[in-house]
Amino acid sequence: MKATCGHLEEKSFTNANDGLCRKCHSNFAFLLELEAKYGEDAIIEYWYAMILTHLSSREDKQGVKCFIEHLIMFYQRKLVEVPSKENYTKKMLYMLHSIQEPFDIEDLR
């Protein structure tokens, strides 16, 4: 079965894990663990660096774009579910959107 992330996975696994394949689900589990250990700003910095590194390598560009989309959906849900963390969630969404749709500084002139 094709998971919501576009990867092939067993139907029972995707049904139990919000439609994600094992790899994407593992990435989310790691994200939550890292956030619990080091805090909100550390996780933003970590993902920003990791995503930019993977985007520049061009090896798995589609996979990174897919992961960014999942992160955006995840944090959009968190914005509603956990209003007490609104500042953090908005920072994360801003960072993800800026990676998804980068702009040229020259356009601002």
Side-chain angles (χ1 to χ4, degrees):
M1 173 184 168
K2 203 170 206 179
T4 57
C5 58
H7 302 121
L8 293 177
E9 188 58 69
E10 297 170 12
K11 185 176 181 177
S12 59
F13 187 88
T14 59
N15 287 343
N17 294 289
D18 292 327
L20 297 175
C21 72
R22 291 176 198 276
K23 181 179 177 182
C24 290
H25 181 265
S26 174
N27 287 336
F28 276 110
F30 177 72
L31 171 74
L32 295 173
E33 181 182 333
L34 193 62
E35 182 179 13
K37 282 184 179 179
Y38 301 106
E40 298 169 348
D41 287 340
I43 195 70
I44 294 170
E45 292 173 19
Y46 172 81
W47 282 117
Y48 187 71
M50 288 300 293
I51 290 168
L52 288 179
T53 300
H54 281 64
L55 276 178
S56 65
S57 73
R58 307 236 190 269
E59 290 174 14
D60 190 20
K61 196 170 186 175
Q62 187 59 35
V64 173
K65 286 182 179 185
C66 171
F67 189 57
I68 290 171
E69 290 172 15
H70 284 298
L71 285 172
I72 288 172
M73 289 187 304
F74 176 80
Y75 281 101
Q76 284 173 335
R77 281 195 316 261
K78 287 293 181 187
L79 197 56
V80 175
E81 293 172 0
V82 189
S84 63
K85 292 192 170 197
E86 182 179 6
N87 280 342
Y88 161 69
T89 307
K90 284 184 176 181
K91 285 181 194 176
M92 192 65 165
L93 285 168
Y94 178 81
M95 181 270 300
L96 291 166
H97 282 293
S98 70
I99 291 173
Q100 193 176 42
E101 296 181 29
F103 65 93
D104 185 358
I105 195 71
E106 296 297 321
D107 293 342
L108 296 176
R109 293 179 186 202

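Note that these values count all heavy atoms, side chains included, but never hydrogens, waters or copies made by symmetry.
- A side chain to side chain contact (heavy atoms under 4.5 Å, CB included) with Lys91 holds for exactly one of Ile43, Leu96, Asp41; it is Asp41.
- Here Asn87 contributes atom CG and Lys85 contributes atom NZ; the two are 12.0 Å apart, rounded to the nearest 0.5 Å.
- Residues Phe30 and Ile68 fall within the same hydrophobic cluster, defined by Ile, Leu, Val, Met, Phe, Trp and Tyr side chains chained together at heavy-atom separations under 4.5 Å.
- Taking every heavy atom of both residues into account, Leu79 and Leu93 meet most closely at CD2-CD1, 4.1 Å.
- Side chains of Glu35 and Tyr88 form a contact here, defined as non-hydrogen atoms less than 4.5 Å apart.
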Starting from the C-alpha separation in whole Å, work towards a yes-or-no answer on side chain to side chain donor-acceptor pair (under 3.5 Å) for Glu45 and Tyr38.
CA-CA 11 Å; Glu45 292 173 19; Tyr38 301 106; over 6 Å; no
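- Looking only at side-chain heavy atoms (C-beta outward), Leu32 and Phe74 come within less than 4.5 Å of each other.
- For Tyr48 against Ile99, the heavy-atom pair with the smallest separation is CD1-CD1, 3.5 Å.
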